[in-house]
Each structure stands twice: as C-alpha cells, then as structure tokens.
**Student:** 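This is the structure I want to talk about, given as structure tokens.
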Amino acid sequence: MSFCKDCIAGVIHEGTPEGKIEQIGGIECYVATPTIDYPKDKVVLLLTDVFGLTLVNNKLLADAFAQNGFKVVVPDILEGGAISEEVMNSGKFDFMSWRPKHTETSWRPIVDAVVGALKADGVTRFGATGYCFGAPPALYLAYNNTSHATVLAHPSLLKIPDDFEKYREVSKVPLLINSCEVDSQFPPDLQAVTDGLLGGGKFAPGYERLYWDGCTHGFAVRGDMSDPKVKAGNEGAFKATVEWFIKYL
C-alpha cells in the first residue's frame with residue numbers, strides 16, 4: 001500500500017522536548033528518560049511517522065511516555081531522510097522518489113543495530129509502538145518475538161490480511177491497535193478483517209483494537225487538539241498505549 005494525503009497532514013504541537021539526542025549502536029536516536037526511578041531492563045521503542053526526529057510532536061510524545069515511567073528510544077529509522085515539517089498540509093510531496101529510499105531494506109539494519117546495542121547495555125524487554133510509517137518496523141520486532149508488547153496507531157504500508165495472518169502464526173507479542181474513522185491506510189473494512197484474524201480469542205497472547213470516532217489518520221501524533229473529538233482520540237490512544245505497556249511490558 002502507498003501513502004495517503006493524511007500521512008503528511010496535521011498540526012505541529014507546542015512544547016519543548018526534554019530528552020536528548022544520543023548515538024545508540026551508531027544510530028542517531030532521541031532518548032527520553034524518566035526523572036523517577038524506572039526499570040533499567042525495559043525500553044519502549046517509538047517508531048515514527050515520515051516526519052521522524054525533525055517533528056517536535058514525536059519528541060513530545062516520547063517525553064510523555066517517559067513521564068509515565070518508561071525509558072523511550074526513538075531511532076532515526078528514516079536515516080536522515082525525514083520529511084520536513086514545512087511539507088505538512090501542503091499536499092505537495094514526491095512520495096514516488098522518496099519511498100524507494102525508505103523501505104525495510106533501509107530501516108531493518110537500523111532497528112537491529114539499536115536493539116543490539118540496548119541488549120548489550122542490559123535491556124531485556126522491549127515495547128514497540130509504531131505510528132504510520134513506523135508500523136512495519138514494529139511488526140518486524142514482533143514477528144521475531146524481540147519485543148514483548150506492540151502498539152500500532154493508524155498504521156501505514158501494511159499488507160492485509162497477510163501481515164496479520166503472519167502475526168497470528170509466528171508472534172507471541174500482545175497487540176493493541178488504535179484505529180480511527182477516516183483512514184485510507186487502515187480503513188474500517190481492513191479493521192474488520194484484522195479483528196476477524198486476531199479478535200475473539202483467536203490470538204492467545206492478547207489483542208485489542210480501539211476505534212476513535214471523528215479522528216483521521218495521524219491523529220495520535222499530529223492531531224488538531226482544538227477539535228474535541230481529535231483531542232479525545234489523541235489522549236485516549238496515548239492512555240491506552242501506556243496501559244498496554246504497563247500490563248504486558
């Protein structure tokens with residue numbers, strides 16, 4: 001599946017990031033660390049949308065997870081090729097030339113390097129939350145059972161039913177999906193297909209899909225917080241993600 005116009009739409013949120021840029025396994029990462037005591041053997045990998053580390057929203061999101069007691073690492077899965085926030089809402093971006101440079105071939109060694117380095121530093125349990133473009137890397141970690149809890153929000157670039165059939169067959173990682181009303185990447189019919197594959201106890205490790213009414217693809221990262229429904233979806237998806245990690249990570 002290709003990208004959609006909502007993949008580069010949204011609102012830039014206000015705030016000052018509290019984390020810092022670090023090199024982990026030779027990869028540039030944004031790292032948000034709790035100010036309270038936290039389990040040093042656990043890390044949440046936040047796998048971003050196409051705006052990557054350049055978008056303040058992604059850093060503020062990582063900070064929010066850290067404020068809830070999780071150390072968060074946001075690897076540059078775009079290898080310096082993040083789309084500029086200046087493109088947001090312009091509707092003008094050449095995905096055809098950008099996309100071939102940002103495939104599993106490019107992000108997979110990045111994810112492997114970061115995970116390997118974190119393991120060497122004593123991390124034994126990983127949560128993975130993938131937003132838009134970050135969904136396939138999150139699934140990759142779950143397919144290998146490297147991660148221990150997976151959350152997807154308005155996922156992009158998935159092959160359904162194939163990806164979730166594979167998830168059911170090879171993964172033992174509990175999965176939460178935050179879906180929404182308007183999403184050409186993961187529309188209601190594919191949401192229903194996914195429920196049919198994993199819901200109703202068909203996936204023993206744990207599966208839940210939440211549906212956020214009045215929200216559009218991108219709401220969990222770039223949502224317009226002045227819209228009451230979007231605000232409720234954004235905050236609700238975040239809360240559900242935190243609770244998922246508390247339960248399973």
Side-chain angles (χ1 to χ4, degrees), residues 1-13 17 21-30 45-62 73-115 128-144 150 152-164 166 177-180 182-187 189-191 215-224:
M1 181 174 284
S2 60
F3 291 100
C4 65
K5 63 179 180 63
D6 293 316
C7 289
I8 55 170
V11 173
I12 298 173
H13 295 170
I21 297 295
E22 296 183 12
Q23 293 288 319
I24 300 178
I27 305 300
E28 184 173 287
C29 300
Y30 179 79
L45 295 172
L46 194 160
L47 303 159
T48 69
D49 58 15
V50 295
F51 293 101
L53 300 186
T54 66
L55 182 65
V56 69
N57 301 31
N58 286 319
K59 295 176 181 176
L60 296 176
L61 188 55
V73 174
V74 190
D76 179 16
I77 56 174
L78 298 166
E79 210 169 13
I83 296 174
S84 168
E85 63 184 32
E86 295 175 358
V87 172
M88 193 178 294
N89 302 317
S90 70
K92 299 177 181 179
F93 187 75
D94 185 4
F95 275 122
M96 293 297 289
S97 61
W98 183 88
R99 174 60 177 147
K101 303 172 186 175
H102 303 283
T103 64
E104 182 170 355
T105 303
S106 63
W107 58 250
R108 186 170 179 171
I110 293 171
V111 171
D112 287 343
V114 171
V115 167
T129 178
Y131 297 84
C132 306
F133 178 87
L139 292 186
Y140 164 69
L141 291 169
Y143 292 155
N144 295 332
T150 306
L152 305 181
H154 38 80
S156 296
L157 305 172
L158 300 186
K159 297 178 181 177
I160 302 173
D162 299 22
D163 287 341
F164 291 119
K166 181 176 180 179
I177 302 177
N178 284 296
S179 62
C180 60
V182 181
D183 191 346
S184 64
Q185 292 286 308
F186 190 53
D189 61 324
L190 295 185
Q191 295 171 22
C215 292
T216 300
H217 180 90
F219 76 95
V221 180
R222 307 181 303 277
D224 182 356

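This chain uses plain numbering: 1 for the first residue, then up along the sequence.
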**Student:** Atom CG in Leu190, atom NZ in Lys159: separation rounded to 0.5 Å?
**Tutor:** 14.0 Å
**Student:** Under the criterion side-chain contact (heavy atoms from CB on, under 4.5 Å), I'd like the reasoning laid out for Asp183 against Phe219: C-alpha separation, chi angles, the key distance, then a yes or no.
**Tutor:** CA-CA 10 Å; Asp183 191 346; Phe219 76 95; over 6 Å; no
**Student:** Heavy-atom distance under 4.5 Å between the side chains of Leu46 and Tyr30, does that happen here?
**Tutor:** no
**Student:** Hey, are the side chains of Leu47 and Tyr140 touching, using non-hydrogen atoms and a 4.5 Å cut-off?
**Tutor:** no
**Student:** Would you say that Thr129 contacts Leu61 through its side chain, given a criterion of any heavy-atom pair below 4.5 Å between the two side chains?
**Tutor:** no
**Student:** Start with the C-alpha distance between Ile77 and Val111, add both sets of side-chain angles, then the distance that settles side-chain contact (heavy atoms from CB on, under 4.5 Å), and finish with yes or no.
**Tutor:** CA-CA 7 Å; Ile77 56 174; Val111 171; 4.1 Å; yes
**Student:** Is any side-chain heavy atom of Ile110 closer than 4.5 Å to a side-chain heavy atom of Glu79?
**Tutor:** yes
**Student:** Any side-chain heavy atom of Leu139 within less than 4.5 Å of one from Leu152?
**Tutor:** yes
**Student:** Measure from the side-chain N and O atoms of Gln191 to the backbone N and O of Cys180, and report whether any donor-acceptor pair falls under 3.5 Å.
**Tutor:** yes
**Student:** Report the relative orientation of the aromatic rings in His102 and Phe133; use parallel for angles under 30°, tilted for 30 to 60°, perpendicular for over 60°.
**Tutor:** perpendicular
**Student:** Side chains of His217 and Cys132: does their closest heavy-atom pair fall under 4.5 Å?
**Tutor:** yes
**Student:** Can you tell me if His13 uses its side chain to pair, donor with acceptor, with the backbone of Gly223 under 3.5 Å?
**Tutor:** yes
**Student:** What are the two closest heavy atoms between Ala113 and Gly25, and how far apart are they?
**Tutor:** CB-O, 3.7 Å
**Student:** What is the ring orientation for Tyr131 with His154, classed by angle as parallel under 30°, tilted 30 to 60°, or perpendicular over 60°?
**Tutor:** tilted
**Student:** Can you tell me how far OG1 of Thr150 sits from CG of Leu141, rounded to the nearest 0.5 angstrom?
**Tutor:** 7.5 Å
**Student:** Kindly give the heavy-atom pair with the smallest separation between Gln185 and Pro155, and that separation in Å.
**Tutor:** CB-O, 3.5 Å
**Student:** Rounded to the nearest 0.5 Å, how far does CG of Leu60 lie from CG of Leu55?
**Tutor:** 8.5 Å
**Student:** Return the minimal non-hydrogen interatomic distance between Thr48 and Gly52, and the atom names on each side.
**Tutor:** OG1-CA, 3.3 Å
**Student:** Report yes if some heavy atom in the side chain of Ile12 is under 4.5 Å from a heavy atom in the side chain of Asn57; otherwise report no.
**Tutor:** yes
**Student:** Calculate, to the nearest 0.5 Å, the distance between atoms CD1 and CH2 belonging to Ile27 and Trp107 respectively.
**Tutor:** 13.5 Å
**Student:** Measuring only between side-chain heavy atoms, which start at C-beta, is Cys29 closer than 4.5 Å to Val114?
**Tutor:** yes
**Student:** Any chance you could measure Thr54, atom OG1, to Ile83, atom CD1, to the nearest 0.5 Å?
**Tutor:** 9.0 Å
